[in-house]
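All residue numbers refer to positions in the sequence shown, counting from 1. Read the numbers this way: they start at 1 and go in the same order the structure lists the ligands and their atoms.
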Amino acid sequence: MIKKETGTQPGCGEKNDRCWWKEGVVYQIYPRSFADSNGDGIGDLRGIIGKLDYLKWLGVDIIWLNPVYESPNDDGGYDIADYRAILYNFGSMRDFDDLLEAVHARGIRLIMDLVVNHTSDEHPWFIESRKSTESPLRDYYIWRKPRPDGSLPNDWQSFFEGPAWELDDASGEYYLHLFSKKQPDLNWENESVREEVYDIMRFWLDRGIDGFRMDVINLISKKPGLPFSESGSGARIRGGEHFINGPKAVEYLKEMKQQVLNHYDVMSVGETPDVSAEIGLRYVGKPGGPLDMLFQFDHMDIDYGPDGYWDIGEWTPSQLFSIFADWQYAMEGKGWNSLYLNNHDQPRQVSRFGDDGHFRIPSARLLAIFLHTLKGTPYIYQGEEIGMANVRFEAVGDFRDVAIRNFWNRAIAEGMDPAEAMRRIHYRGRDNARTPMQWNSGRAAGFTEGTPWIACSGDYPSVNVELQCDDETSVLACYRRLLTLRKEYPVFAYGLFQEITGRKGGPIVYTRTLDDSELMVVLNWSGEEIPFPECAKLLLGGVQDRRFLVSSYAGSEPDGKRLRPWEAAVWHFSG
Ligand code: TEU
Ligand code: CA
């Protein structure tokens, strides 16, 4: 079992105390694409078990598993048909128990995805609910009659294109689905729905898991009356002002905490699109905020164009840094940050925020150094640690994601040039993150003996774990170093963040301070050589006891005169 550290008791976050989920680093596994143990081309639980020694070697403390539940897989498992069963492609409940035991045996914790804003339309609740307007489970979902003129109940939009309403022919009523039409939204107003959710949570917590990542958890409360959108509301999606951070979202989560989470030593992280730091504190501000941390989206929306998600906009490193810095200050002493630059929904970070061409290695290392030297819990998405980059499938049929397919169909129907639509998919598409994990240079990147469910990215012969694990200059070595340092120096987890420069272009410099222990981080977030920043020289000159910790150019300390392209460096000062 897991060794209990001091301060590790339920609710340790309540008083802003130290605790395991603040000190740990999370590794996110997208099971379908991680490791296939039986050659059917689909990653599975036994495959994960086979890679745990790698994760231990890397220094990971917590694993987050994307959904592994029974699902028709319309949306990569985010459409759940049975919350208490493992999808046969991934294995069995026996395999799950073995995985959990093997994880714990290595002193690692495991959290699971809790997807309860919606179910699959193949979940028995929905099958029952749609039988008739009189069904005892009718009210588990959000059903509405058409308006008198026969039109949709309101103008809300789905995140995956088109209206958020689907007509059910049998009853002539519409059901709400904020995601695909195979993902009907649950009605959280109904107390029985909430009880069912809490039971599901207890089922997994009693099996021994260590917490949940809660999918779009700030969407669970819809404004009563389901009003039409307000023009110019600024919400990321039409109608969003009525269902994102809705009136009872925090209240429901407080109930969940009281009834379930408080009774276990576990962590919770809410996925919350469209939260400002101010709203975020309602969820994680202590005392009282019901969740431990959030995935906020400010930095993920940084390169949206005027037409939103599928439009490509401009961004700069100083804007990105400002967003992170603002969140650092907003959470200080009040709540806890989670830190991420990519995940299973986002393009690969080295392609989006770094340089996946000539400077792939230093830029991937710079991004790692940046994220792991901020205050909060860092999340590594599988493959990030070796600098995996975006893919460029040419045929639309090679993509698997429902969001990509729906976008393509709409764009082509609306007359967009197919080359432009494809450019946007290459930039933004979620399948960038979902190609097989690159283990070695063998066929299918060592992911499977069979045919992978989605093709491998073409760069795997040169970008893979096997090539990097004994190479001190690799991206992987940098991650391993950062995770080691984090365990050695508490200032990584708990030090106060203070920016020195970085909001106006040029170098980025910040410090982290905990008692007499201090980190100084210097970043050149560009492909150009620049002078070494004067403010950093001053700080370096003023200390006696300093140690150079890590850099984006393996093992070599900056020369104090210039910063090379994508050069990032961290020093520790003490005394
Ligand atoms: O994502 C929610 C969400 O906000 C995404 O749809 C996001 O808008 C998009 O991917 C681009 O950022 C969560 C899951 O992470 C995602 O995989 C699911 O498809 C979605 O919820 C529905 O469950
Ligand atoms: Ca398999």
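Closest protein heavy atom to atom 12 (O) of ligand 1: Gln346 NE2, 3.0 Å. The protein non-hydrogen atom at the shortest distance from atom 1 (O) of ligand 1 is Glu271 OE2, 3.1 Å. Summary of contacts: the protein heavy atom closest to atom 20 (C) of ligand 1 is Phe179 CE2, 3.8 Å. When hydrogens are left out, the protein atom nearest atom 18 (C) of ligand 1 is Asp75 OD2, 3.4 Å; that is the closest non-hydrogen contact. Here the heavy atom of the protein found nearest to atom 7 (C) of ligand 1 is Arg236 NH1, 4.4 Å.
Atom numbering of ligand 1 starts at 1 in the shown order; those under 4.0 Å from a heavy atom of Phe160 are 6 (O), 19 (O). Residue Pro273 approaches ligand 1 through these ligand atoms, each under 4.0 Å from one of its heavy atoms: 4 (O). For ligand 1, the atoms lying closer than 4.0 Å to a non-hydrogen atom of Arg434 are 17 (O). Interface atoms of ligand 1 facing His118, defined by a heavy-atom separation under 4.0 Å, are 22 (C), 23 (O). Contact atoms of ligand 1 toward His344: 14 (C), 15 (O), 16 (C), 17 (O) (distance under 4.0 Å to a heavy atom of the residue). Proximity to Arg430 (heavy-atom distance under 4.0 Å) selects the following atoms of ligand 1: 10 (O), 16 (C), 17 (O), 18 (C), 19 (O).
Identified under the salt bridge (Lys or Arg N to Asp or Glu O under 4.0 Å) test for residues 63-84, with sequence neighbours left out: Asp75-Arg430. Applying the salt bridge (Lys or Arg N to Asp or Glu O under 4.0 Å) test to every pair with at least one member in residues 378-396, sequence neighbours left out, gives no pairs at all.
Not one N or O of Tyr309 is nearer than 3.5 Å to an N or O of ligand 1, by distance alone. Considering both main-chain and side-chain atoms, Tyr304 never comes within under 3.5 Å of ligand 1 through any nitrogen or oxygen pair.
Here the straight-line distance linking atom CH2 of Trp64 with atom OH of Tyr27 works out to 13.0 Å at 0.5 Å rounding. To the nearest 0.5 Å, the span separating CE on Met293 from CG on Asn337 amounts to 10.0 Å. For the atom pair CG (Asn343) and CE (Met300), the distance works out to 7.0 Å, reported to the nearest 0.5 Å. Separating the CG atom in Asp326 from the NE2 atom in His299 is a distance of 13.0 Å, to the nearest 0.5 Å.
Classification of Asp345 and Arg434 as a salt-bridged pair holds, one side-chain N sitting under 4.0 Å from a carboxylate O.
Taking a cut-off of 3.0 Å, the protein N, O or S atoms nearer than that to the Ca ion (ligand 2) are Asp36 OD1, Asn38 OD1, Asp40 OD1, Ile42 O, Asp44 OD2.
Contacts between Met300 and ligand 1, counted as non-hydrogen atom pairs separated by less than 4.0 Å, are absent for every part of the residue.
Taking the six-membered ring for Trp and the full ring otherwise, the centers of Phe160 and His177 sit at least 6.0 Å from each other. Checked against a 6.0 Å centroid threshold, the rings of Phe370 and Trp525 count as neighbours. A distance below 6.0 Å separates the ring centres of Phe126 and Trp143. Centroid-to-centroid, the aromatic rings of Phe393 and Phe399 come within less than 6.0 Å.
Val193 pairs by the side-chain contact (heavy atoms from CB on, under 4.5 Å) definition with Tyr140, Leu186, Asn190, not counting sequence neighbours.
Here the shortest heavy-atom distance to atom 5 (C) of ligand 1, taken over Asp215, Asp345, Val216, Val402, belongs to Asp345.
Lys22 forms a cation-pi arrangement with Trp336, by the criterion of a distance under 6.0 Å to the ring centre and an angle within 45° of the ring axis.
Arg428 does not count as a contact of ligand 1, since none of its heavy atoms falls under 4.0 Å from the ligand.
Side chains of Tyr78 and His344: a donor-acceptor N/O pair is present below 3.5 angstrom, by distance only.
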